[in-house]
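The next block holds one structure in the form of structure tokens; read it before the comments.
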Amino acid sequence: SSFSLRNENAAVQVYEIDLPDLMDDKRKRIDNVGLKMAAKYVPRDLADESWVEKLLEKGFMTSEKSYGSLLGISYYLEKDEWKKLIRLVAGIMPAGSAICFDFPSTDESKETKVNKTLASGAGEQMKAQYPFEEMEVLLFECGFKVAEHLGAEGMTERFFADYNRSMPEHPMAAPVGVDYVFAVRE
């Protein structure tokens with residue numbers, strides 16, 4: 001995420017968890033352009049629960065409300081791995097904390113098929129798809145309540161409507177087959 005590059009509030013602590021190789025590459029790219037990133041790096045695979053211990057070692061406070069961005073992660077985890085990750089997140093976040101994430105829906109649109117093909121071509125595999133109702137139950141079982149859910153149409157209206165009105169010859173749209181959730185820890 002680029003938030004830690006834009007964050008000017010020193011009271012807001014940003015932690016970034018990612019695979020060590022990806023994190024090293026990102027740090028090199030940021031250094032190469034002369035930017036400073038205030039994130040505390042936690043080089044770990046989210047599929048391995050050791051990230052929790054390392055995050056706590058870096059100073060993450062489980063008693064303070066927090067926000068977690070899990071964008072782009074659910075695609076690469078099996079359903080049981082995703083649920084385990086959400087349970088671990090819930091275990092370190094107090095009530096009132098929130099997460100946001102995207103997930104591949106069960107919509108079998110042309111775009112969904114293209115996304116699967118692109119992922120496969122990049123050596124990756126989309127491991128799970130969810131109907132929204134299943135994701136909502138999974139979140140509830142892990143202690144989260146969905147505060148907002150948007151599909152492609154809702155995301156397009158929210159984030160591209162003004163642009164599309166001003167540039168009708170070059171409209172933009174959120175990808176079909178991807179849903180977005182904002183959920184709050186109860």
Side-chain angles (χ1 to χ4, degrees), residues 1-3 15-19 21-23 26 44-52 55 66-93 95-165 167-168 170-186:
S1 157
S2 64
F3 176 74
Y15 299 87
E16 186 161 332
I17 305 167
D18 208 338
L19 297 170
D21 291 345
L22 293 176
M23 194 167 281
K26 183 176 183 176
R44 283 287 182 272
D45 183 342
L46 285 170
D48 174 0
E49 61 188 77
S50 69
W51 66 264
V52 173
L55 180 65
S66 55
Y67 170 80
S69 171
L70 301 169
L71 293 168
I73 296 172
S74 67
Y75 304 84
Y76 306 107
L77 299 175
E78 299 286 348
K79 287 185 177 187
D80 60 329
E81 294 171 317
W82 176 248
K83 187 171 186 175
K84 179 181 172 184
L85 175 61
I86 297 300
R87 280 195 193 283
L88 288 169
V89 169
I92 61 170
M93 292 180 121
S97 296
I99 58 173
C100 76
F101 62 91
D102 55 343
F103 66 93
S105 71
T106 52
D107 168 31
E108 282 299 322
S109 67
K110 172 183 70 170
E111 291 89 344
T112 302
K113 291 173 186 168
V114 167
N115 287 340
K116 284 181 181 178
T117 302
L118 289 172
S120 177
E124 297 286 349
Q125 177 186 353
M126 287 176 60
K127 295 185 176 180
Q129 291 177 278
Y130 302 85
F132 169 68
E133 297 76 17
E134 181 181 351
M135 185 61 73
E136 187 175 36
V137 168
L138 182 152
L139 288 166
F140 177 78
E141 290 174 351
C142 293
F144 285 95
K145 182 177 181 178
V146 173
E148 186 168 22
H149 165 243
L150 294 172
E153 189 175 308
M155 289 295 282
T156 298
E157 179 58 33
R158 168 88 51 88
F159 296 102
F160 303 118
D162 290 342
Y163 171 85
N164 288 342
R165 280 190 285 280
M167 300 291 286
H170 302 289
M172 292 195 303
V176 174
V178 177
D179 283 19
Y180 303 84
V181 168
F182 178 76
V184 178
R185 177 83 168 93
E186 296 194 304

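Sequential numbering from 1 along the given sequence is applied to the chain's residues.
The side-chain heavy atoms of Tyr130 and Trp82, taken from C-beta on, include a pair separated by under 4.5 Å. The shortest side-chain heavy-atom distance between Leu46 and Leu88 does not fall under the 4.5 Å cut-off. In this structure, the side chains of Phe103 and Val181 come closer than 4.5 Å at one or more pairs of heavy atoms.
Scanning all heavy atoms of the two residues, the minimum distance from Trp51 to Asp45 falls at CD1-O, 4.0 Å. Here the closest heavy-atom approach between residue Met93 and residue Ser66 is recorded as CE-OG, 3.3 Å. Nearest heavy-atom pair across Met23 and Ile17 is CE-C, 3.9 Å. Counting all heavy atoms, side chain and backbone alike, Met155 lies closest to Leu150 at SD-CD1, 3.6 Å. Closest of all the heavy-atom pairs between Ala128 and Pro104 is O-CG, 3.0 Å. Among all heavy-atom pairs drawn from Ala174 and Phe160, the shortest one is N-CE1, 3.6 Å.
For the atom pair Ile86 CD1 and Ser74 OG, the distance stands at 8.5 Å (nearest 0.5 Å). With rounding to the nearest 0.5 angstrom, the CE atom of Met172 is 9.5 Å from the OG1 atom of Thr156. Here the CD1-CG distance, from Ile73 to Leu85, works out to 6.5 Å after rounding to the nearest 0.5 Å. Here CZ of Phe101 is found 10.5 Å from OH of Tyr75. Values are rounded to the nearest 0.5 Å.
Partners of Glu148 under the side chain to side chain donor-acceptor pair (under 3.5 Å) rule, at least two apart in sequence or in another chain, are Arg158. Listed by chain and number, the residues in a side chain to side chain donor-acceptor pair (under 3.5 Å) with Asp18 amount to none (sequence neighbours excluded). Every residue two or more places apart in sequence or in another chain was checked for a side chain to side chain donor-acceptor pair (under 3.5 Å) with Glu81, and none qualifies. Remark: Asp48 engages Ser50 in a side chain to side chain donor-acceptor pair (under 3.5 Å) (not counting sequence neighbours).
Residue pairs meeting the side chain to side chain donor-acceptor pair (under 3.5 Å) criterion with at least one member in residues 172-186, sequence neighbours excluded: His149-Asp179.
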Atom pairs and distances, side-chain donor-acceptor, residues 132-147, under 3.5 Å, sequence neighbours left out:
from, atom 1, to, atom 2, distance (Å)
Glu134, OE1, Lys79, NZ, 3.1
Glu134, OE2, Lys79, NZ, 2.9
Glu141, OE1, Lys83, NZ, 2.3

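A donor-acceptor contact shorter than 3.5 Å links the side chain of Tyr163 to the backbone of His170.
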